Structures are given as C-alpha cells and as structure tokens.
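Model, not experiment: these values are computed from the prediction. Chain identifiers are assigned alphabetically (A, B, ...) following the order of the sequence lines, protein sequences preceding nucleic acid strands; residue numbering begins at 1 within each chain.
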There are 2 protein chains.
Amino acid sequence: MKVEKISELTTNRLSIYLRCLNELIAEGAKTISSEKLAKRFHLNSAQIRKDLAYFGEFGVRGVGYYVGELHNHLTKILGLEKEHCVAIIGAGRLGTALTDYYGFSQSNFTVAALFDNDEEKIGQKVGNVKIFDIKDFAKVAKRDKIDVAVIAVPAQFAQSVLEKITQAGIKAVMNFAPTPLRVECDVKLKTVDLTISLESLSYFLAHSNNANGKNLKPNSTERRNAL
Amino acid sequence: MKVEKISELTTNRLSIYLRCLNELIAEGAKTISSEKLAKRFHLNSAQIRKDLAYFGEFGVRGVGYYVGELHNHLTKILGLEKEHCVAIIGAGRLGTALTDYYGFSQSNFTVAALFDNDEEKIGQKVGNVKIFDIKDFAKVAKRDKIDVAVIAVPAQFAQSVLEKITQAGIKAVMNFAPTPLRVECDVKLKTVDLTISLESLSYFLAHSNNANGKNLKPNSTERRNAL
DNA sequence: AATTTATGTTTCAAGTGTGAAACAAAATGA
DNA sequence: TCATTTTGTTTCACACTTGAAACATAAATT
C-alpha cells in the first residue's frame, strides 16, 4: 500500500488518462508525450507528469510514454486488472436500470446480484441477475465474492442498508440515495446525488440572465468534475 | 440576477438544507436554529448562516428560522418554484431508465421528451414519454418548453449532441456520457461520470490493506460530495 | 429594563489543489 | 560529441473552501 496520500482528484485524472490511452491505442499510436497528450485532450502536461510520478517512472526522457505500457500501468494502479463483482441493493427502477447499464458490463465490473426486501421481487431475475432477499446479503456476498455495493434504495433506508453491507465486509460503496451517509473510515463511499445536480442546474437557470455574451472558458467546478 | 459569485458548493448545500427542512416540515416543526439544524443533520452552523446570508436575512435573531418560510425562500433561490421540462437524449438503457426514474418525477422536473437517432425507436413511447428524432430537437424543445437536457448517449456522440442542443437554446445540461465536454460559458454543464466513480472505488480497494483500525472520520472528498 | 438567545457579519488561519517556472537527468539523433 | 527533446522533481504563488472566533444587532422573555 502506498503510504503517500494521493488526492482523489489525482486518481480521477488517472481514469481520464486511461481513457485517452484507449483512444490512442485504437489509433495505433505507440508513444505519446505529456505535451501532446495534454494538447489533444485539453489537459495540463505538467499535471500529467506530476500525477504519474506519484506512482513511478513510466516515461522515457526524450521520447515520452509508451502508450501500451502506460495503459497497463494505469490499469494496475486503478486496480482494474481484476474483475470486480457488484451487488446492487434496491431492485426498483434505478437498481434494475443500473443492472444492465452498459457502463458496468463494458468495464471490469460485473453485476453479480440484486437485493431487495420486497417478497414479490425476491427470486425473480433482471436479465441474468437474480434478486435476493436483503437479509441474505452477507451469505450471498461471500459466496459470489462481491466487493462493490451500489445503494439504490429510497433515502430513508439508505443508512441502514449501508450498515448492513459494511457489516458484511464490503469496503467500496456507491450511493445513489439522495442523502448523506456516514461510514467508517476503512470503507470508501461515493455518493452520486442526482437531485443536487438537477437543483444545481435549476439554480443556474434561475440566476442567469441570458443577456451576457458568450465566452468559451469552461467553468471551474465542471472542469473539476470532468477531469 | 445576483452579481456576487456564489460557489457551487454553496448552492449544493442549499439543496441539502432544503431536504432537511422537508423532514422538519413533515414532523411539524415550526422554527429551527442554525445550531440545532447543524447538530441534527451533521452540518456546520456557521456555514449554514453564512450560506443563507448570501441571499438575504431569513432568520429572526433570538428565534432561529421559521421552517416553512425558509423552505419557501430556498425553493425560490434554487428556482424550484417553477416546473422544469427535461429532454433526455439517448433512448438506450440509461436514458429509458432515467425517464421513469422516480427522482425526476418526484421533484419539479418532468421528463417531457426522449430523443434518439435510431429509426426503430423513434415514435415509440417509454411510459408516457414519446421518442422523437434527434433531428427535430429544436422544434420539439421549443414546442414543449424544454429547459433542461440530459445526455445519455455513447461517449463518441456526446459532444455533437451537446452542440446540437445548445444551438437550440438549451442552457442547462446534465451529461452521463463518460467523456469531458466543452461548452460555452452561458451554458451550465454537469457531468456525472459513473465510470470514474467506479474506478475510484476500484483504486481504493487496490490500495487499502484492510489491516488498519477503523475510525469514524468521514473522508473529506466524500464529505464535499455529500454536502 | 435587563437578560438571554441566536442571527448577521467580518476576520483569520489552515488545508488543498492548480499551474507555472526552473532545472537536472536521461535518451535520441545529428 | 553535442544539441535536442522530454521526463522527473522541486518550488512557488494564487485561488478556493472550510471552520473557528469575535462581536454587534435584534427579538423574546423575565
């Protein structure tokens, strides 16, 4: 385990770099310099080098980075060389939608199980994924080697679901319930709050008078989100 | 239009406060002090007062805030007193899932139209929402008074879709395509990148050795996302 | 009228992230 | 061998957010 603390913004950028490399590989590029990478994908070359330098010396001075090699390094750094098994808790609209969301299947994340407390739903299937009783979470999670959980239940149940799954040993959780959750520090929680995002758009619409001229500078918080 | 620049983190917190007030209203509370609000919902009382003070004097010294009144103020500030009409571009899995996602219908956001370029899909319906040809976006958006667009198309088409909808006058866009997009400054773009979030979880799993003791301090970036 | 409560407002220190600049080191090519 | 390219690394200034502290102000209560 690396002891230096690496900012999440840094690791988010690693994801971006990996995507860029995928494009370059598809084009057959062999090497790329930080400068060219930055130019092409609207990034910052100094930051690319700094981000990568946290994890080792992957480049060759005078040459740049070997595309395939760097891709492998980033894949390893991000832990994407192994398959991750995902459980989705909540077999409602959002949960079932996420179950066959191409974004999961495309990458190294496989949805292995759905959970709900509705007896009508338990035992049914969404695509190939079976719906289990949330009471059996610990057992099923262990059996199916679940290492990532997605919370897609109504806000009022989210905290208790979170506690249940962390007690079962899950260390990585993505939360779609529009409520802040509290977790112990050895558990990683990512909350995706669509309500806040929508209301943020609404705020913008309410406070922008569309009279001012356009300009192309992207706004800074969006830049942070995007990179 | 307020001229002071208000941080997006501030407006995100306004959304949180609004949720808290909804709970309090449901319980029949009439007034609440910033201190009690903070204690109960794990917020910071000084920050609550500061955030609210950007927009006016809503509290009563010696009393606190009148719950219903503050709720109304926040609703207005966030522009949630009017209905917003949402168009979703991309009638794939994610797009159709979002279409009947309760999170949209519950609030003041109504999905008014779906768009796609697949002739098989055009003309069909998802729930009550009709799927239109993306070529007709400008026309339909004007007719149905669309003011928010959601991009749910594959990454490689996202930028061109974005340009099409901004040319039609849309000023608020939520992007689910896993790619950074460039917009003009008078357009608000929120990118929700589930891939980055997942890979961030993967990174955490790859770099945490689960040997260290637990502690309850929430990690700072999650706190920022949640509040 | 005096006390209490709690907001509105300002100020400040601490932490974090960004991006520019400078430069040594290493590899390539002429 | 020498010049060029580009990384790896350090340093610095700038900006932003947070949260604490201090205090005046206003309302309510005794």
For Leu52(B) and for Asn44(A), find the nucleotide of DNA chain C with the closest heavy atom, then tell me which residue's nucleotide is more 5'.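 It is Leu52(B) whose nearest nucleotide is closer to the 5' end.
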Taking for each residue the nucleotide of DNA chain C with the nearest heavy atom, is it Asp51(A) or Phe58(B) whose nucleotide lies nearer the 5' end? Phe58(B)
Kindly say whether Gly79(A) contributes a backbone atom to a donor-acceptor pair with the side chain of Ser202(B) at under 3.5 angstrom? yes
N/O donor to acceptor pairs below 3.5 angstrom from side-chain atoms of residues 145-156 of chain B, sequence neighbours left out:
from: Asp147(B); atom 1: OD1; to: Cys85(B); atom 2: N; distance (Å): 3.0
from: Asp147(B); atom 1: OD2; to: His84(B); atom 2: ND1; distance (Å): 2.7

Under the 3.5 Å rule, do the base of dG8(D) and the side chain of Lys50(A) count as making a donor-acceptor pair?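 By the distance-only test, no, there is no pair.
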Tell me which residues in residues 28-37 of chain B put a heavy atom below 4.0 Å from DNA chain D, sorted by number, or none. none
In terms of side-chain heavy atoms of [X], which of [options] is nearest?
X        : options                   : answer
Ala53(A) : dG8(D), dT9(C), dA20(C)   : dG8(D)
Tyr65(A) : dG8(D), dG19(C), dA20(D)  : dG8(D)
Gln47(A) : dT18(C), dG17(C), dG19(D) : dT18(C)

Of all residues at least two apart in sequence or in a different chain, which pass the side chain to side chain contact (heavy atoms under 4.5 Å, CB included) check with [X]?
X        : answer
Glu27(A) : Glu23(A), Leu24(A), Arg40(A)
His73(A) : Phe58(A), Glu69(A)
Thr11(B) : Tyr203(A), Ile6(B), Glu8(B)

Return a table of donor-acceptor pairs under 3.5 angstrom between the side chains of residues 158-168 of chain A and protein atoms on other chains or two or more places apart.
from: Gln159(A); atom 1: OE1; to: Arg182(A); atom 2: N; distance (Å): 3.2
from: Gln159(A); atom 1: NE2; to: Glu163(A); atom 2: OE2; distance (Å): 2.9
from: Gln159(A); atom 1: NE2; to: Arg182(A); atom 2: O; distance (Å): 3.1
from: Ser160(A); atom 1: OG; to: Phe157(A); atom 2: O; distance (Å): 3.1
from: Thr166(A); atom 1: OG1; to: Leu162(A); atom 2: O; distance (Å): 3.0
from: Thr166(A); atom 1: OG1; to: Glu163(A); atom 2: O; distance (Å): 3.1

Does dG17(C) have its OP1 or OP2 closer than 4.0 Å to a side-chain nitrogen or oxygen of Arg13(A)?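 Looking at the OP1 and OP2 atoms of dG17(C), neither is under 4.0 Å from any side-chain N or O of Arg13(A).
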Provide, to the nearest angstrom, the distance between the [atom1] atom belonging to [X] and the [atom2] atom belonging to [N].
X        : N       : atom1 : atom2 : result
Lys39(A) : dT5(D)  : NZ    : P     : 14 Å
Glu57(B) : dA24(D) : CD    : P     : 17 Å
Ile48(B) : dT18(D) : CD1   : P     : 13 Å
Glu8(A)  : dT18(C) : CD    : C1'   : 17 Å
Leu9(B)  : dA15(D) : CG    : P     : 18 Å
Arg49(A) : dC23(C) : CZ    : C1'   : 12 Å
Leu43(B) : dA20(D) : CG    : C1'   : 17 Å

For nucleotides 25-28 of chain C, give me every protein contact, N/O to N/O, under 3.5 Å, one pair per line with atom names.
from: dA25(C); atom 1: N3; to: Arg61(A); atom 2: NH1; distance (Å): 3.0
from: dA27(C); atom 1: O4'; to: Arg61(A); atom 2: O; distance (Å): 3.3

Considering all heavy atoms, the nearest Phe109(B)-Glu83(B) contact: C-OE2, 4.3 Å
Set of ring pair (Phe, Tyr, Trp, His ring centres under 6.0 Å) partners for His71(A), sequence neighbours left out: none
Tell me, please, which residues at least two apart from Phe137(B) pass ring pair (Phe, Tyr, Trp, His ring centres under 6.0 Å).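 Residues passing ring pair (Phe, Tyr, Trp, His ring centres under 6.0 Å) with Phe137(B): Phe115(B).
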